[in-house]
Asks: 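Let me begin by handing over the structure; questions about it come next.
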2 protein chains.
Amino acid sequence: MSDYEHTCMIRGDGGRTIRAILDRICNKWTLLIVATLDQGRLRFGDLHQQVPGISQRMLTLTLRNLERDGLVSRTVHAEVPPRVEYALTATGKSLIPPALALAGWAIEHVPHIEASRTAYESRTAP
Amino acid sequence: MSDYEHTCMIRGDGGRTIRAILDRICNKWTLLIVATLDQGRLRFGDLHQQVPGISQRMLTLTLRNLERDGLVSRTVHAEVPPRVEYALTATGKSLIPPALALAGWAIEHVPHIEASRTAYESRTAP
DNA sequence: CGGCATCCGCCCGGATACTG
DNA sequence: CAGTATCCGGGCGGATGCCG
């Protein structure tokens, strides 16, 4: 059986479903934060440290979106100094395997892609 | 063994590898075009029809990028009227399985995500 | 038929500064 | 510590028009 039937999952509804997920994970940071939270429950500051290069603003925004979509839980502890912890929900954890599939593909093929890209550039822009 | 080791694939180099691939497939159309081309060799016009809502400009740009990255081959036939055909390369085809993993996740979880999102909105914006 | 060129609005994301 | 507020530049992507 050809792959054609399978790709109907992607093309299915005109791409609305696949784009729904792409809209969620395709920003610059989401997948990185989800992968980091796979270690377990983490505080805001810990995430800020462990995700290199992210700004406070983007960390906050991304976490809010993840919470909104039910992929991450946010628990505020009534203490001073304040302590806020983030953790993956069941839905959030379920994103890990397909994300790993993508990461695996990336690790395997990105070098070849980069090479092809460089070759293309030198062909068109001598 | 925990999932922690696995997620190192994503977090690995500070997210550079995973972002390299996200930069490629996370635009609005790439994955849809790749999935459509999985049917086999297609002409520009056919793609234009089969990918609903895409503009000529975006189809051209996306195909160029895919060609540049070695995921799609472009063959021009010296005829009148001109005929240009696009097809997936081996690398391009290899993207299908992980893409399907993502699509499967989307189909399974997007309804729940939408629900969570709606609930969140009604909670914060009465 | 299969493009490329141009203009333009929008939103993502970075930098910075300020609060409870 | 964990945010919120504001400003701002760049690029994505839509619409339109012209070309070989």
Side-chain angles (χ1 to χ4, degrees), chain A residues 14-16 18-34 36-37 41-69 72-87 120 123-125, chain B residues 14-16 18-33 36-37 41-69 72-87 120 124-125:
Chain A
R16 240 170 288 135
I18 189 65
R19 279 233 299 275
I21 162 65
L22 286 183
D23 284 349
R24 302 248 141 45
I25 70 160
C26 275
N27 62 70
K28 212 170 165 184
W29 302 107
T30 300
L31 217 52
L32 232 45
I33 290 179
V34 169
T36 305
L37 278 176
R41 179 171 297 270
L42 282 177
R43 304 183 54 168
F44 185 90
D46 296 335
L47 278 168
H48 197 20
Q49 284 180 359
Q50 294 202 28
V51 179
I54 195 171
S55 67
Q56 229 173 18
R57 167 196 159 87
M58 275 304 109
L59 182 53
T60 304
L61 284 180
T62 310
L63 285 172
R64 283 291 173 281
N65 287 330
L66 286 171
E67 185 196 0
R68 177 158 107 156
D69 292 348
V72 156
S73 69
R74 177 175 182 265
T75 37
V76 185
H77 300 266
E79 307 170 0
V80 280
R83 182 162 58 101
V84 181
E85 289 184 326
Y86 296 90
Y120 187 94
R123 221 177 301 138
T124 55
Chain B
R16 238 170 289 135
I18 189 64
R19 281 234 298 274
I21 162 66
L22 286 184
D23 285 349
R24 303 249 140 47
I25 69 160
C26 276
N27 62 68
K28 214 169 165 184
W29 302 109
T30 300
L31 217 51
L32 232 43
I33 291 180
T36 305
L37 278 176
R41 179 169 298 269
L42 283 175
R43 302 181 57 168
F44 185 89
D46 297 335
L47 278 168
H48 196 19
Q49 285 179 358
Q50 294 201 29
V51 179
I54 194 172
S55 68
Q56 226 173 25
R57 169 196 157 89
M58 275 304 108
L59 182 53
T60 304
L61 285 179
T62 309
L63 285 170
R64 281 293 171 283
N65 286 331
L66 286 170
E67 185 197 0
R68 176 159 103 156
D69 292 349
V72 156
S73 70
R74 178 176 183 265
T75 37
V76 185
H77 301 265
E79 308 170 0
V80 279
R83 182 162 59 101
V84 182
E85 288 183 326
Y86 295 90
Y120 187 94
T124 56

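Computation of the quantities below employed the complete heavy-atom set of this structure, encompassing side-chain atoms and omitting hydrogens, waters and symmetry-equivalent molecules. Lettering follows sequence order; numbering is per chain, from 1.
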Asks: Any side-chain donor-acceptor pair under 3.5 Å between B/Asn27 and B/Thr30?
Replies: yes
Asks: Return a single string for nucleotides 13-20 of chain C, one symbol per nucleotide in 5' to 3' order, where B is base contact, S is sugar-phosphate-only contact and - is none, cutoff 4.0 angstrom on heavy atoms.
Replies: BBB----B
Asks: Can you check the A/Arg64 CZ to C/dC12 P distance for me, whole Å?
Replies: 17 Å
Asks: Would you kindly give the CD-to-C1' distance between B/Gln49 and C/dG2, to the nearest whole Å?
Replies: 14 Å
Asks: Of all heavy-atom pairs between A/Tyr86 and A/Leu37, which one has the smallest distance, and what is that distance?
Replies: O-CD2, 3.5 Å
Asks: Rounding to 10°, can you tell me the angle the first-five-pair axis of the helix from C/dC1-D/dG20 to C/dG20-D/dC1 makes with its last-five-pair axis?
Replies: 40°
Asks: Looking at every non-hydrogen atom in both residues, tell me the closest pair between B/Leu63 and B/Phe44 and how far apart they are.
Replies: CD1-CD1, 4.0 Å
Asks: Between A/His48 and A/Arg43, is there a side-chain heavy-atom distance shorter than 4.5 Å?
Replies: no
Asks: How close do A/Ile18 and A/Gly15 get, counting heavy atoms only, and between which atoms?
Replies: CG2-O, 3.2 Å
Asks: Below 4.5 Å, heavy atoms only, C-beta onward: do A/Arg19 and B/Leu32 meet side chain to side chain?
Replies: yes
Asks: Check every nucleotide of DNA chain D for an atom under 4.0 Å from a heavy-atom of chain B, then give the first and the last such nucleotide from 5' to 3'.
Replies: D/dG13 to D/dG20
Asks: Is there side-chain contact between B/Asp69 and B/Arg24, with heavy atoms separated by less than 4.5 Å?
Replies: yes
Asks: Measure the shortest side-chain to side-chain distance between B/Ile54 and B/Ile33 over non-hydrogen atoms and say whether it is less than 4.5 angstrom.
Replies: yes
Asks: Rounded to whole angstrom units, what separation is found between the OH atom of B/Tyr86 and the C1' atom of C/dC1?
Replies: 11 Å
Asks: Atom CG of B/Leu63 and atom C1' of C/dC4: how far apart are they, to the nearest Å?
Replies: 14 Å
Asks: Under 4.0 Å between a side-chain nitrogen and a carboxylate oxygen: does that hold for B/Arg41 and B/Glu85?
Replies: yes
Asks: Decide yes or no for B/Val51 and B/Leu59: does some side-chain heavy atom of the first lie under 4.5 Å from some side-chain heavy atom of the second?
Replies: no
Asks: Taking the side chain as every heavy atom from C-beta outward, state whether B/Arg74 and B/Val76 have any atom pair closer than 4.5 Å.
Replies: yes
Asks: What is the distance, to the nearest angstrom, from the CG atom on A/Leu59 to the C1' atom on C/dC12?
Replies: 16 Å
